[in-house]
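Heads up: the structure comes next, in structure tokens.
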Amino acid sequence: MVTLIGYEWRKHFRKGSLIAALLLFTVLNVGKIYSVHESNSLLENPGWGALYAEQFHDFGGTITDEKIRKLMAIYQPLANQTAELTTSTTYRPPGTRLSNVYTDWNFFRYCFVNPMKYDYDYKAYAEGVVTSAKDNITFYEALGNHYDSRKNAAIAELFQGRSITSFAYTEMYNYYVQYDFSALLVLLICLYGLLNVFLSEKETEMDTLLLTTKAGGVKTVWAKLLASALFVCSVSFWFWLVDFFAFSLLFDSWDAAFSPLYALEDFIHAGLNMNLGQYALLSALVKTAGMLVLGLLFLLISSLFRNALLPFILSLLISFGCMYQQEAFAGSGRILLKIINPFVLVVNRELFRRAEFVSLLGYPLPSYIAALLIAASLGIVFLCGLAIFMRKNALRKGDGNRVNLDV
């Protein structure tokens, strides 16, 4: 069986067109990440990168009152000078570090003061959330609303003790967690690679011959399914690794991996207590799970046809429909409509960006767990559908060729 799975897995990569697409899409992906860096990175401004490295030596790491006083001693005079927007823009006047006073002010404001203020204030903000949640618990208990009381208890527990004690360069992660282009590329490659898993035998009528072989029937079908899962995982993890290392190398950022997820302002209400490195790994695993569910859907659709064109068009339309639905409900309060779509696992920041819950028998279940359970249920449904259609095909072939095999 292992040999058969390995053979079926290698068949995916024997197509020159698929290898060419994989290489081309990898280059496109790196090019896209490069454009994100060039268009958005603050340190791409002339002189900012070198000055940041110099200043980070003084202000990076553990946040202390001494560092804050030292930073404000530099920033406050700049803020005072630029308050009325009448300061001279003369190039490199005495005392400036970059081209003029305004550039110095923007540099320290965006690179150090604003992000360090967010880090320093976050502990108080989290304590405020905990206090409000505990007040809500008392309020809802008085009303007899046990679900909202439990939900606020979960929120209080989640935010209890949160703080950001160390300042790190998180710009890379700000764009990394928002990056979705590679997911589209993986989807297209998986769609192309999976459609012919069952269709190739149908088009050449090899499916009839396979039923008469010792390894035919159930073994062949399961080998194809497991090999397809390995194919999806291989392609997915290749692109997720390219994403992470391309972003890390281009932004020259590695130390922020140990900063908490809520160190990103967009994740101020993050539903997880983990660091950015752990989140990158979790996100990759969840993305791959979403791709596996969509891959099963592609296989199910392809099993209904005898040529590749119609299932390709139908699968593509369904994929774009999932993307549209995910985008339509992203950030909305309609949680169930958001999590029933398996594509939400692929673009999963919406699952983890805020602490959201759905009711399960009156108990609050985190939305990301609910999304995983729904996706797993859909995967089982697609798998059962595949088993039913493949069995019907096998029985029909068996009757026509006097073969008594069940698939």
Side-chain angles (χ1 to χ4, degrees), residues 12 15 17-18 20-22 24-26 28-29 32 178-203 207 224-225 227-229 231-236 238-240 286-332 334-351 371-372 374-390 392-393:
H12 288 286
K15 298 178 184 177
S17 56
L18 190 141
L22 188 63
L24 175 62
F25 282 7
T26 299
L28 285 175
N29 190 40
K32 179 66 174 178
Q178 302 288 338
Y179 186 72
D180 299 325
F181 183 67
S182 58
L184 175 61
L185 300 180
V186 172
L187 186 69
L188 292 174
I189 290 180
C190 289
L191 175 57
Y192 176 69
L194 293 176
L195 281 183
N196 285 320
V197 168
F198 295 114
L199 284 173
S200 58
E201 278 84 6
K202 287 184 180 181
E203 290 176 343
D207 54 336
K224 286 179 178 293
L225 289 174
S228 296
F231 167 73
V232 171
C233 291
S234 300
V235 172
S236 297
W238 167 251
F239 277 92
W240 311 152
V286 173
K287 284 183 179 182
T288 305
M291 287 295 177
L292 286 171
V293 175
L294 292 170
L296 283 172
L297 177 59
F298 298 154
L299 289 173
L300 175 59
I301 293 172
S302 69
S303 70
L304 306 177
F305 299 88
R306 298 194 66 84
N307 63 76
L309 181 60
L310 286 176
F312 179 81
I313 294 174
L314 183 58
S315 298
L316 203 58
L317 289 175
I318 292 175
S319 298
F320 286 139
C322 289
M323 293 179 197
Y324 176 80
Q325 196 267 357
Q326 184 275 328
E327 184 67 26
F329 292 102
S332 73
R334 306 172 75 175
I335 302 172
L336 282 175
L337 289 175
K338 180 165 60 177
I339 64 177
I340 59 173
N341 181 359
F343 195 74
V344 76
L345 299 184
V346 180
V347 186
N348 56 58
R349 61 179 170 273
E350 286 299 324
L351 292 176
L372 288 168
I374 291 173
S377 300
L378 288 173
I380 293 172
V381 170
F382 297 152
L383 195 59
C384 291
L386 265 168
I388 291 170
F389 284 112
M390 294 306 297
K392 286 182 178 180
N393 290 338

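Because the structure is a prediction, the values reported are computed rather than measured.
Cation-pi geometry between K15 and Y192 is satisfied (NZ or CZ under 6.0 Å from the ring centre, within 45° of the ring normal).
A distance-only check finds a donor-acceptor pair linking the side chain of N348 to the backbone of L345 [under 3.5 Å].
Taking both residues in full, the closest heavy atoms of A183 and M291 are given as O-CE, 3.2 Å, listed atom of the first, atom of the second, then distance. Closest non-hydrogen pair, A375 versus V293, comes out as O-CG2, 3.5 Å. Pairing each heavy atom of L18 with each of G193, the nearest pair is CD1-CA, 3.7 Å. Nearest heavy atoms, R349 versus Y179: NH1-N, 4.4 Å. Closest heavy-atom contact between I339 and A371: CB-CB, 3.8 Å. Shortest non-hydrogen contact noted between L185 and F25 is CD1-O, 3.4 Å.
The shortest distance between side-chain heavy atoms of C190 and L294 does not fall below 4.5 Å. Considering only heavy atoms from C-beta on, V232 comes within 4.5 Å of L194 through its side chain. Side-chain contact between L225 and L386: present, with at least one pair of heavy atoms (C-beta onward) separated by less than 4.5 Å. Here the side chains of L296 and L300 are not in contact, with every heavy-atom distance at 4.5 Å or above. Here the side chains of W238 and T26 are in contact, with some heavy-atom distance below 4.5 Å. The shortest distance between side-chain heavy atoms of L292 and C233 falls below 4.5 Å.
Between the CG atom in L297 and the CG atom in L314 there is a gap of 8.0 Å [rounded to 0.5 Å]. Expressed to the nearest 0.5 Å, how far CD1 of I189 lies from CZ of F239 amounts to 4.0 Å. The structure places CG of L383 at 10.0 Å from CD1 of I388, a figure rounded to the nearest 0.5 Å. Atom CG in L195 sits 7.5 Å away from atom CZ in F298 (nearest 0.5 Å). Here CG of L372 is found 7.5 Å from CG of L351. Values are rounded to the nearest 0.5 Å.
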Test side chain to side chain contact (heavy atoms under 4.5 Å, CB included) applied to V344 and F329, step by step: CA-CA 10 Å; V344 76; F329 292 102; over 6 Å; no
Which pairs of donor and acceptor atoms, one on a side chain in residues 316-327, lie under 3.5 Å apart (sequence neighbours left out)?
unit_1, atom_1, unit_2, atom_2, d
S319, OG, S315, O, 2.8
Q325, OE1, N341, ND2, 2.9
Q325, NE2, L337, O, 2.5

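With sequence neighbours left out, the ring-ring contact (aromatic ring centres under 6.0 Å, His included) criterion links F382 to no other residue.
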